[in-house]
Amino acid sequence: MSKTIGVIGLGIIGSVWARHYEAAGVLAGAWNRRPQANFPRWRPNAGAVVDSADVVQIVVSDPPAVEAILHAILPRLAPGKTVIQSSTIDPDSSERFGGLVEAAGARYLEAPFVGSRPAAEDRRNIFYLGGGLQDAKEVEPLLSLISERRYQVGTWRQAATLKLAMNLNVALQMAALGESMALARHANISDNTYFEVLEKNVSYSPLVKLKEPSLRRGDYSPQFSIKHMLKDMRLARGTMKPESLPQLDAVCERLQRAEVAGLGDEDFSALVKVM
């Protein structure tokens, strides 16, 4: 493989990706705001990651975190460098960040993804790519190391928006599943019966299949946390007039209640606790 990559952001997903890249022999640098000095290819700062790699992939929590990293690395960007932005952000921020990177002479690819930690570990994440077709083509060999499929969806803004749309769909499904379970449990219907029947129902989905084991156990270890889903739903809310998306308002309220209840760091399936 001709290009090397550095990863900035070693959280639940970024750390898994970086280890996949390291196993493939293409990881040139890694950095995180909370030091992890023993991590493979650890660098002392984000700028050093840029210096060491052809491509830099950013996967952090929110638009302010992305912006802080970009301002730190802009002086090190130059022609021949590519920034892959894989954090979930709003379309306005995506357009602004892309402009900053291109003004520095580098290339910018908006590349949000779907799939939680198990998908990352199994290289089954899905990327939505926004930006130049040639830019996407050049990083395809790298992204193929960590993902199942890459969709070229159009502009930076469109890629960022599509990710928010997908997360809205997932959040609404989880809220509906939680209410449905609550109704069944209120009638003393066992989880065994509930899930056996649901499996034969038209509403059974991959999300139900994914979350059923942990819901049965009451295990809400974070694969994708309440606080991050709430952040994404707030970003989605800012893309359209609030009255246009009434279900989004409802799920935001439910997520906020969960966060106030101290569940922010638990998996977003912990929504069932506030039903």
Side-chain angles (χ1 to χ4, degrees), residues 6-18 30-36 45-46 49-50 56-74 83-101 108-117 120 125-131 155-171 174 222-240 242 245 248-249 251-260 262-268 270-271:
V7 177
I8 297 177
L10 301 174
I12 291 175
I13 302 297
S15 60
V16 175
W17 289 351
W31 182 79
N32 192 62
R33 286 176 294 178
R34 293 182 180 178
Q36 299 184 31
N45 53 61
V49 175
V50 175
V56 176
Q57 189 166 20
I58 300 172
V59 53
V60 291
S61 58
D62 54 25
V66 177
E67 185 164 18
I69 288 168
L70 287 178
H71 283 297
I73 68 174
L74 281 174
V83 173
I84 301 176
Q85 202 303 106
S86 293
S87 317
T88 302
I89 62 174
D90 58 285
D92 287 346
S93 293
S94 176
E95 190 165 326
R96 184 160 51 88
F97 296 160
L100 289 172
V101 171
Y108 182 88
L109 192 68
E110 192 66 43
F113 66 97
V114 290
S116 57
R117 181 170 191 136
N125 290 131
I126 307 293
F127 283 98
Y128 306 138
L129 305 181
T155 65
W156 300 330
R157 295 183 64 89
Q158 288 173 322
T161 302
L162 185 59
K163 171 59 192 295
L164 295 176
M166 293 298 103
N167 276 17
L168 172 58
N169 184 288
V170 168
M174 192 67 245
Q223 304 297 334
F224 187 72
S225 69
I226 289 278
K227 66 183 179 183
H228 285 144
M229 183 62 86
L230 178 57
K231 179 268 297 183
D232 291 353
M233 294 303 95
R234 286 170 171 163
L235 291 176
R237 186 187 253 168
T239 64
M240 291 180 66
L245 301 170
L248 172 57
D249 278 346
V251 80
C252 274
E253 186 273 336
R254 191 64 52 82
L255 287 161
Q256 189 167 349
R257 277 175 50 196
E259 186 174 56
V260 170
L263 307 177
D265 289 323
E266 296 192 9
D267 190 75
F268 76 100
L271 274 178

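Only heavy atoms go into these numbers, but all of them, side chains included; no hydrogens, no water, no symmetry mates.
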Is there a side-chain contact between Phe127 and Ile84 in this structure, where contact means two heavy atoms from C-beta onward sitting under 4.5 Å apart?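 No, every pair of side-chain atoms sits at 4.5 Å or beyond.
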Asp265 and Pro222, any side-chain heavy atoms less than 4.5 Å apart
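A side-chain contact under 4.5 Å is absent here.
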Please find the pair of heavy atoms, one from [X] and one from [Y], that lie closest to each other, and give the distance.
X      : Y      : result
Val251 : Ala171 : CG2-O, 3.7 Å
Gln85  : Ile89  : NE2-CD1, 3.4 Å
Gly11  : Asn32  : N-OD1, 4.3 Å
Leu129 : Ala159 : C-CB, 3.9 Å
Ile73  : Ala46  : CG2-CB, 3.7 Å
Asp267 : Gln223 : OD1-N, 3.0 Å

As an exercise, state the distance from [atom1] of [X] to [atom2] of [Y], rounded to the nearest 0.5 Å.
X      : Y      : atom1 : atom2 : answer
Arg33  : Ile8   : CZ    : CD1   : 11.0 Å
Leu255 : Ile226 : CG    : CD1   : 5.5 Å
Met233 : Thr88  : CE    : OG1   : 9.0 Å
Ser93  : Arg157 : OG    : CZ    : 9.5 Å

For Thr239, the option from Leu164, Leu248, Asp92 that meets side-chain contact (heavy atoms from CB on, under 4.5 Å):
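For Thr239, the side-chain contact (heavy atoms from CB on, under 4.5 Å) test succeeds with only one of Leu164, Leu248, Asp92, which is Leu164.
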>> Please identify which of these residues, Ile12, Asn167, Val114, meets the side-chain contact (heavy atoms from CB on, under 4.5 Å) condition with Phe224.
In response: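 Per the side-chain contact (heavy atoms from CB on, under 4.5 Å) rule, the option paired with Phe224 is Asn167, out of Ile12, Asn167, Val114.
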Pair up each side-chain donor or acceptor in residues 61-70 with any protein partner under 3.5 Å, not counting sequence neighbours, and list the distances.
| from | atom 1 | to | atom 2 | distance (Å) |
| --- | --- | --- | --- | --- |
| Asp62 | OD1 | Ala65 | N | 3.0 |
| Glu67 | OE2 | Arg96 | NH1 | 2.8 |

Determine, stepwise, if the pair Asn125 / Trp17 fulfils side chain to side chain contact (heavy atoms under 4.5 Å, CB included).
CA-CA 10 Å; Asn125 290 131; Trp17 289 351; 2.9 Å; yes
For [X] and [Y], indicate whether the former's side chain and the latter's backbone hold a donor-acceptor pair under 3.5 Å.
X      : Y      : answer
Lys163 : Asp232 : no
Ser94  : Asp90  : no
Glu110 : Pro112 : no
Glu266 : Leu263 : no
Ser86  : Ala111 : yes

For Glu259 and Lys231, run side chain to side chain contact (heavy atoms under 4.5 Å, CB included): C-alpha distance rounded to whole Å, both residues' side-chain angles, the deciding distance at 0.1 Å, then the answer.
CA-CA 11 Å; Glu259 186 174 56; Lys231 179 268 297 183; over 6 Å; no
- In chain order, what residues pass the side-chain hydrogen bond (donor to acceptor under 3.5 Å, both in side chains) check against Tyr128, with sequence neighbours excluded?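 Scan of Tyr128 (side-chain hydrogen bond (donor to acceptor under 3.5 Å, both in side chains), adjacent residues dropped) gives none.
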Point to revise | side chain to side chain contact (heavy atoms under 4.5 Å, CB included) between Val83 and Phe97, worked out | key: CA-CA 10 Å; Val83 173; Phe97 296 160; over 6 Å; no
- request: Begin with the C-alpha distance, continue with both residues' side-chain angles, and end with the deciding distance and a verdict on side chain to side chain contact (heavy atoms under 4.5 Å, CB included) for Val170 and Met229.
  value: CA-CA 10 Å; Val170 168; Met229 183 62 86; 4.2 Å; yes
